[in-house]
Q: 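I have a structure I would like to understand better, so I am pasting it below and will then ask my questions one at a time.
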Amino acid sequence: MSVFRRNYVQVPLHIVWTAKERNTIIHKDMEVIIYRCIIAEAQKLNAKIIAINGMPDHIHILLLFPTSVSIGCLVKQMKGVSSSLARDLWPQRYFAWAEGYGVFAVDRSGIDRVATYIRNQKQHHTSGKLWMLLEQPDAPHETEDSPRPEDIVA
């Protein structure tokens, strides 16, 4: 007999996606509203966001992934609802997410480190201390400050 009466999965994931053509579409006055929209949509799908932040041309999210939805569906919903809201609220501004996304499984021991990295996005970009694997998942190189394999499994 199983100890669990239902499925239980909490997989920490770091999700990154960009604006279409890396355009700078997330203006300061939009950030909080877009982030709240994404958080609300994630909650509807039983995902728990631990950290969310980004730059004008991309977004980072650390969340606990549920069993009730696929990763692709979760990301599609978060991107779709947030872009629809942005186009409704700011019709004079061009707003579109690029196709695709990066997803990285995060070891439980690395959650705090990844959450801090996400929360400090603007400082990291200003200082140039970036985890290139997470900023450009298709980049062939890493920096000294790149996540260790025990922190993030790509």
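Below, each value reflects all heavy atoms present in this structure, side chains not excepted, and no hydrogens, waters or symmetry copies.
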Q: Any non-hydrogen side-chain atom of Leu74 less than 4.5 Å from a side-chain atom of Leu63?
A: yes
Q: Check the surroundings of atom CZ in Arg36: do more than 12 heavy atoms from other residues, nucleotides or ligands lie under 6.0 Å from it?
A: no
Q: For Asp112, check side-chain contact (heavy atoms from CB on, under 4.5 Å) against everything at least two apart and list the hits.
A: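 With sequence neighbours excluded, Asp112 shows a side-chain contact (heavy atoms from CB on, under 4.5 Å) to no residue whatsoever.
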Q: On a heavy-atom basis, which atom in Ser82 and which in Trp97 lie closest, and how many Å separate them?
A: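 What the structure gives for the nearest pair is OG-NE1, 3.0 Å.
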Q: What's the verdict on side-chain contact (heavy atoms from CB on, under 4.5 Å) for Met30 and Arg93, showing C-alpha distance, side-chain angles and the deciding distance?
A: CA-CA 11 Å; Met30 303 167 78; Arg93 296 180 182 170; 3.1 Å; yes
Q: I'd like to know whether Phe65 forms a side-chain contact (heavy atoms from CB on, under 4.5 Å) with Val103, so could you lay out the CA-CA distance, the side-chain angles of the two residues, the decisive distance to 0.1 Å, and finally the verdict.
A: CA-CA 11 Å; Phe65 177 69; Val103 177; over 6 Å; no
Q: Restricting to non-hydrogen atoms, name the atom on Ser83 and the atom on Gly80 that form the minimum distance, rounded to 0.1 Å.
A: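 Reported closest heavy-atom pair: OG-O, 3.2 Å.
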Q: Which heavy atom of Met78 sits nearest a heavy atom of Ala42, and at what distance?
A: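 Residues Met78 and Ala42, closest heavy atoms: SD-CB, 3.9 Å.
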Q: Check the pair Val69 / Asn46 against side-chain contact (heavy atoms from CB on, under 4.5 Å), numbers first and verdict last.
A: CA-CA 8 Å; Val69 64; Asn46 298 317; over 6 Å; no
Q: Within the 4.5 Å heavy-atom criterion, are Tyr101 and Ile61 side-chain neighbours or not?
A: no
Q: From Asn53 CG over to Ile118 CD1, what is the distance, rounded to the nearest 0.5 angstrom?
A: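 One gets 8.5 Å once the value is rounded to the nearest 0.5 Å.
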Q: Quick one: pull up CD in Glu21 and CG in Asp57 and give me the separation to the nearest 0.5 Å.
A: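 That separation rounds to 12.5 Å.
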Q: Find the distance between CZ (Arg108) and CD1 (Ile111) and round it off to the nearest 0.5 Å.
A: 5.0 Å
Q: Are Val81 and Tyr35 connected, step by step, through hydrophobic side chains (Ile, Leu, Val, Met, Phe, Trp, Tyr) whose heavy atoms are closer than 4.5 Å?
A: no
Q: Would you say the side-chain atoms of Asn23 pair up with the backbone N or O of Ile25, donor to acceptor, closer than 3.5 Å?
A: no
Q: I need the Leu62 CG to Lys48 NZ distance, nearest 0.5 Å.
A: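 Separation between the atoms: 10.0 Å.
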Q: Test of understanding: with side-chain contact (heavy atoms from CB on, under 4.5 Å), list the residues that count as partners of Lys20, not counting sequence neighbours.
A: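 side-chain contact (heavy atoms from CB on, under 4.5 Å) check on Lys20 returns Tyr94, Ala96.
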Q: Search all heavy atoms of Met55 against all heavy atoms of Ile26 and return the closest pair with its distance.
A: O-CD1, 3.6 Å
Q: Where do Ile59 and Ile38 land on the side-chain contact (heavy atoms from CB on, under 4.5 Å) test, with the steps shown first?
A: CA-CA 11 Å; Ile59 190 166; Ile38 291 169; 3.4 Å; yes
Q: How many angstroms lie between atom CG of Leu89 and atom CG of Asp29, to the nearest 0.5 angstrom?
A: 10.0 Å
Q: Please name the pair of heavy atoms, one in Leu45 and one in Ser68, separated by the smallest distance, quoted to 0.1 Å.
A: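 Between these two residues, the closest heavy atoms are O-OG, 3.3 Å.
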Q: Using 0.5 Å steps for rounding, measure from the NE2 atom of His60 to the NE2 atom of His14.
A: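 Taking NE2 in His60 and NE2 in His14, the distance rounds to 5.0 Å.
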Q: What closest approach, in Å, do Lys79 and Gly100 show between heavy atoms, and which atom pair accounts for it?
A: NZ-O, 2.9 Å
